Number of protein chains: 2
Amino acid sequence: MSTLSARSEDYLKTIYKLQSERKVVRVKDLAVTLGVRSPTVVGVISGLKDSGLVDQEHYGYISLTGAGEKLARTLVQNEELLKSFFREILDLGPDEAEANACSIEHYITPTCRERLVAFIRFLEVCGKGSPKWLDHFRHFLHTGEPPPCDRCGEMLPGEEKKCTKE
Amino acid sequence: MSTLSARSEDYLKTIYKLQSERKVVRVKDLAVTLGVRSPTVVGVISGLKDSGLVDQEHYGYISLTGAGEKLARTLVQNEELLKSFFREILDLGPDEAEANACSIEHYITPTCRERLVAFIRFLEVCGKGSPKWLDHFRHFLHTGEPPPCDRCGEMLPGEEKKCTKE
DNA sequence: TAACAAATATAGGTGAGGCTAACAATGTCC
DNA sequence: GGACATTGTTAGCCTCACCTATATTTGTTA
């Protein structure tokens, strides 16, 4: 399986997403979603058909093959993980988180992705809510004020209660 | 100034970096560094000359114009900031950190970059060394063990001393 | 069912960024 | 200073992902 271009992966992911919304996927849907013209979609889809990732009859609907769906699922999962990072840690809005996730997904190394995923997992194992340090980061992000505690184990006045945990 | 392609930005950054190593920059240097053939470099450089970002005499050395250097400096600074994030927070090796920084630099939104920068700054204002939570993350990253404290304010046995700070 | 609207496909073009092969300029060394 | 290696340029070709204009097919509806 020759390696797919970033753009082809975008097409694949979009088909997957539209399909999982129980919608039938047409050329026009992809064109609208991806912001391109129909002939562009036809061209890219033609390549994906040749790669055995997409099925489409002449003038018919577009669907993923087994292989296509498997690959698309992986891609969408990766994108979701990145999106979580951008939303939950960097506090970006949903749309911006998605946009960033979608575009950088193609360019980061596997290790880098693993690390970002680990970061999100770390958040989860830190407890149900967000850990204190993340609250402090958010506060710093939006106000510019430094976090209430200075160095490990050193509390600022009146922070004994708040600063007991990472 | 029409917006530069990601690839052109790579060329610009590479010229800047080679130039700041006090090296004279030749077509061949760029070709080797960027992993392409000379005619490709000539083609891209030709575009950068048209944009007024690069100077080069026929069969001569390549250098940045004032505008080119200004732009390149910004690009390299952004890349450095991202690299810091990948190295210091995600604990990637220098080369992988650089590779990721270099490629995603073109694709993240300005806000996203600001947030990543803020994250690094947050680390700095947290104190001279790395904050406890980052140590905990690294430990989690490399061992899979959850952090020693569970929820804000709740210590695990024997963790009263270690877990007093984020 | 014929006509028309909407969707898809084809033909052909563009620009970016690659390539090879061939040619031109430069530099080095005897 | 001539020969040869190195480097830069040109010419010409490729692929990808876009475009417009036009043709074809399908769906709807009078």
Side-chain angles (χ1 to χ4, degrees), chain A residues 1-15 18-19 23-64 68 71-72 75 99 102-107, chain B residues 1-15 18-19 23-64 68 71-72 75 99 102-107:
Chain A
M1 183 193 303
S2 63
T3 174
L4 236 44
S5 73
R7 204 56 180 139
S8 292
E9 289 184 357
D10 286 338
Y11 280 75
L12 217 54
K13 284 193 292 184
T14 306
I15 297 167
L18 290 174
Q19 202 166 261
K23 280 185 196 161
V24 152
V25 183
R26 292 164 306 178
V27 169
K28 205 198 168 194
D29 299 325
L30 289 176
V32 169
T33 308
L34 289 161
V36 297
R37 303 288 181 170
S38 302
T40 306
V41 173
V42 171
V44 176
I45 290 299
S46 157
L48 291 173
K49 284 195 275 189
D50 293 346
S51 309
L53 299 168
V54 158
D55 278 333
Q56 184 206 24
E57 287 175 13
H58 216 59
Y59 286 90
Y61 297 136
I62 293 163
S63 63
L64 295 172
L71 175 53
L75 296 173
C102 189
S103 50
I104 80 160
E105 199 239 311
H106 312 293
Y107 303 106
Chain B
M1 183 192 304
S2 64
T3 173
L4 237 45
S5 72
R7 204 54 179 140
S8 291
E9 288 184 357
D10 287 337
Y11 279 76
L12 218 54
K13 284 193 292 184
T14 305
I15 297 168
L18 290 173
Q19 203 166 261
K23 280 184 194 162
V24 152
V25 183
R26 292 164 306 177
V27 169
K28 205 201 169 192
D29 299 325
L30 289 177
V32 169
T33 308
L34 290 161
V36 297
R37 303 289 182 168
S38 303
T40 305
V41 174
V42 171
V44 176
I45 290 300
S46 157
L48 291 172
K49 282 195 277 190
D50 293 346
S51 307
L53 299 167
V54 159
D55 277 334
Q56 183 205 25
E57 285 175 15
H58 215 59
Y59 286 90
Y61 297 136
I62 292 162
S63 62
L64 295 173
L71 176 52
L75 296 173
C102 189
S103 49
I104 80 160
E105 200 239 311
H106 311 295
Y107 302 106

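Scope of the values below: all heavy atoms of this structure, side chains included, with no hydrogens, waters or symmetry mates. Residue numbers start from 1 in every chain, and the chains themselves are labelled A, B, ... in the order their sequence lines are given, proteins ahead of strands. Predicted model only: the values in this text are computed from it and were never measured.
- In this model, the phosphate group of C:dC19 is approached by a side-chain N or O of B:T40 to a distance below 4.0 Å at OP1 or OP2.
- You can see that DNA chain D meets the heavy atoms of chain A within a 4.0 Å-exclusive cut from D:dA17 to D:dT26, reading 5' to 3'.
- Taking the side chain as every heavy atom from C-beta outward, B:T40 and B:Y11 approach each other to under 4.5 Å.
- For the pair B:L64/B:V54, a side-chain contact is recorded, criterion being any heavy-atom separation below 4.5 Å from C-beta on.
- Residue B:I45 is tested with B:L53, B:D50, B:L30 for a side chain to side chain contact (heavy atoms under 4.5 Å, CB included); the sole match is B:L30.
- At distances below 3.5 Å, not a single donor-acceptor pair connects side-chain atoms of B:S46 with backbone N or O atoms of B:V42.
- Remark: B:R7 is in phosphate contact with C:dG18, judged by side-chain N or O atoms under 4.0 Å from OP1 or OP2.
- Comparing B:D29 and A:V44 against DNA chain D, the residue whose closest nucleotide sits nearer the 5' end is B:D29.
- Considering only side-chain N and O atoms, B:R37 lies under 4.0 angstrom from the phosphate OP1 or OP2 of C:dT20.
- Within 4.0 Å (heavy atoms only), B:Y61 reaches no atom of the nucleic acid at all.
- Side-chain nitrogen and oxygen atoms of A:Q56 include at least one within less than 4.0 Å of the OP1 or OP2 phosphate oxygen of C:dA9.
- Using a 4.5 Å heavy-atom cutoff, the side chains of A:Q56 and A:Y61 are not in contact.
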Show each protein N/O and nucleotides 4-7 of chain C N/O combination with a separation under 3.5 Å, one pair to a line.
| from | atom 1 | to | atom 2 | distance (Å) |
| --- | --- | --- | --- | --- |
| C:dA7 | OP2 | A:K28 | NZ | 3.3 |

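- A close approach under 4.0 Å does not occur between any side-chain nitrogen or oxygen of B:S38 and OP1 or OP2 of C:dT20.
- Contact of the B:L4 side chain with the B:L48 side chain is registered, since non-hydrogen atoms from C-beta on lie closer than 4.5 Å.
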